[in-house]
Number of protein chains: 2
Amino acid sequence: MLDKQERFKTLLKENGLKVTTQRIEILEALENRPDKHLTAEEIYECVKEKNPDIGLATVYRTIQLLTELNLIDKLNLGDGFVRYEIGRQGSDDKAHHHHHLICLNCGNVLTFQGDLLDTLEHHIQETMGFEVVDHEVKMFGYCKTCRKEAVKAKKSN
Amino acid sequence: MLDKQERFKTLLKENGLKVTTQRIEILEALENRPDKHLTAEEIYECVKEKNPDIGLATVYRTIQLLTELNLIDKLNLGDGFVRYEIGRQGSDDKAHHHHHLICLNCGNVLTFQGDLLDTLEHHIQETMGFEVVDHEVKMFGYCKTCRKEAVKAKKSN
DNA sequence: TTGGGTGCAAAGGCTTTGCATGTGA
DNA sequence: TCACATGCAAAGCCTTTGCACCCAA
């Protein structure tokens, strides 16, 4: 994942922006938690361990920057926080999004890769004349672990 | 859609809650805009035409109530507002969600019914052990009208 | 040197809450 | 009557913005 950082640096320079410690640290925080979907506050706490002087405003500003540069993706679970994750593709070709599986019990977010939505997109395009360029899929349910525990709890009753 | 209102009244009574003018008016506002996805503020403005004395807080409280009763659905387009729409099924059996098509040009939200996600859900269940109970699908792109206009604009160049 | 970047605190904008008053049952 | 509901205003909460100072280039 080092090339993501390189890419960031290049993009910054290309746009006449500066490569600062804070910006790199924020990207690193997101890279170190590839499975997590961090809130701004969580990123802030994360970076603060290494750099206690960083301000929350900087985190927000950098997040916005990273979003504009397509290096990270927003994720809204509807809990009042916007979450962020490292984007899956380095370039800006049509995104092959993964889907999010959100456990209603433990709150964990799993990801799932799949192309099965292509069919649906084609269908929408043909029947409704709507050209799909991106999509966002969230599945709510119960993860393997929680289901096992539910079964266990039932048995011990 | 009258039965939705009846259902609301019944549910209120069943829960020891009161049938008030405001609650009915708010549900009506949502019923009168079946295609729209109204924000709290929009519902407020809508109801205020008939009942200028209503307070925004009441709208928020009623929205929350309607959500808990499964009579309306939340929709988050990521623009900082939560939107609400009349739910599609009256009962609480497994939801047959429609999907949302959001035009990146005009901002209109279309809906699309489809079962094609069932396959995907089964797949997820089998490969990951994740039990899907609900889903939310948003497609971003360009609607028929906007695409036509884009073509027209191109020609006149 | 110098223009963009950062930190801090204040301001914004949506939503919730506290409280006194109002009202459906 | 009386518990629940409403309206208003204040408070909450996440996020953005203004401004003086700082620092990468």
Side-chain angles (χ1 to χ4, degrees), chain A residues 5-6 8-29 37-69 72 74-84, chain B residues 5-6 8-30 37-69 71-72 74-84:
Chain A
Q5 224 175 87
E6 288 312 314
F8 187 28
K9 288 182 186 170
T10 309
L11 283 167
L12 285 173
K13 286 170 193 161
E14 279 175 12
N15 289 279
L17 303 172
K18 288 173 183 169
V19 177
T20 64
T21 325
Q22 290 92 332
R23 284 178 176 166
I24 298 303
E25 284 171 343
I26 288 166
L27 181 60
E28 273 176 351
H37 305 77
L38 304 176
T39 64
E41 193 74 35
E42 286 166 346
I43 296 168
Y44 174 56
E45 291 302 332
C46 211
V47 175
K48 225 161 58 167
E49 286 175 19
K50 286 177 70 178
N51 178 357
D53 287 338
I54 197 166
L56 186 51
T58 302
V59 174
Y60 276 105
R61 283 186 282 234
T62 305
I63 282 170
Q64 196 169 328
L65 186 58
L66 286 164
T67 306
E68 283 164 11
L69 295 175
I72 63 174
K74 284 191 183 184
L75 173 64
N76 197 318
L77 301 184
D79 59 355
F81 298 85
V82 181
R83 288 156 195 284
Y84 302 89
Chain B
Q5 224 174 87
E6 287 312 314
F8 187 27
K9 288 182 186 171
T10 309
L11 283 168
L12 286 173
K13 287 171 194 161
E14 279 175 8
N15 289 279
L17 304 172
K18 288 172 183 170
V19 178
T20 65
T21 325
Q22 290 90 332
R23 284 179 175 165
I24 298 303
E25 284 171 345
I26 287 165
L27 182 59
E28 274 176 351
L30 282 156
H37 305 77
L38 304 176
T39 64
E41 193 73 36
E42 285 166 348
I43 296 168
Y44 174 56
E45 291 301 331
C46 211
V47 175
K48 225 159 63 166
E49 286 176 18
K50 286 177 71 178
N51 178 357
D53 287 337
I54 196 166
L56 186 51
T58 302
V59 173
Y60 276 105
R61 283 187 282 234
T62 305
I63 283 169
Q64 196 170 327
L65 186 57
L66 287 164
T67 306
E68 283 163 11
L69 295 175
L71 292 169
I72 63 174
K74 284 191 182 185
L75 174 64
N76 197 318
L77 302 184
D79 60 356
F81 299 85
V82 180
R83 290 156 194 284
Y84 302 89

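Letters go in sequence order (proteins before strands), and every chain restarts at 1. Keep in mind that the numbers below use all heavy atoms, side chains included, and drop hydrogens, waters and symmetry copies.
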Are any non-hydrogen side-chain atoms of [X] and [Y] less than 4.5 angstrom apart?
X: B:Leu30; Y: B:Leu66; answer: yes
X: B:His37; Y: B:Tyr84; answer: no
X: B:Phe8; Y: B:Ile24; answer: yes
X: B:Leu17; Y: B:Arg23; answer: yes
X: B:Ile63; Y: B:Ile43; answer: yes

Could you tell me how far apart [X] ([atom1]) and [N] ([atom2]) are, to the nearest whole angstrom?
X: B:Asn15; N: D:dC4; atom1: CG; atom2: P; value: 12 Å
X: A:Leu38; N: D:dC14; atom1: CG; atom2: C1'; value: 16 Å
X: A:Leu12; N: C:dG3; atom1: CG; atom2: C1'; value: 15 Å
X: A:Glu25; N: C:dG7; atom1: CD; atom2: C1'; value: 14 Å
X: A:Asp53; N: D:dC21; atom1: CG; atom2: P; value: 17 Å
X: A:Lys48; N: C:dG7; atom1: NZ; atom2: P; value: 11 Å
X: A:Ile24; N: D:dC23; atom1: CD1; atom2: P; value: 17 Å
X: B:Tyr44; N: D:dT6; atom1: OH; atom2: C1'; value: 12 Å

* Structure fact -> Of B:Val59 and B:Gly16, the one whose nearest nucleotide on DNA chain D sits closer to the 5' end is B:Gly16
* Asked: For B:Glu28, what residues pass the salt bridge (charged side-chain N to carboxylate O under 4.0 Å, His left out) criterion, not counting sequence neighbours?
  -> B:Lys50
* What does nucleotides 15-25 of chain C look like as a protein-contact string, B for base, S for sugar-phosphate only, - for none, at under 4.0 angstrom between heavy atoms? -> BBBB-----BS
* **B:Ile26 versus B:Val59, closest heavy-atom pair with distance** => CD1-CA, 3.7 Å
* Taking all non-hydrogen atoms of both residues, which atom of A:Leu12 and which atom of A:Lys18 are closest, and how far apart? -> CD1-O, 3.7 Å
* In degrees rounded to 10°, what angle is found between the helical axes fit to the five outermost pairs at each end of the helix from C:dT1-D:dA25 to C:dA25-D:dT1? -> 30°
* Asked: Within the side chain of A:Asn51, is there an N or O that forms a donor-acceptor pair under 3.5 Å with the backbone of A:Val47?
  -> no
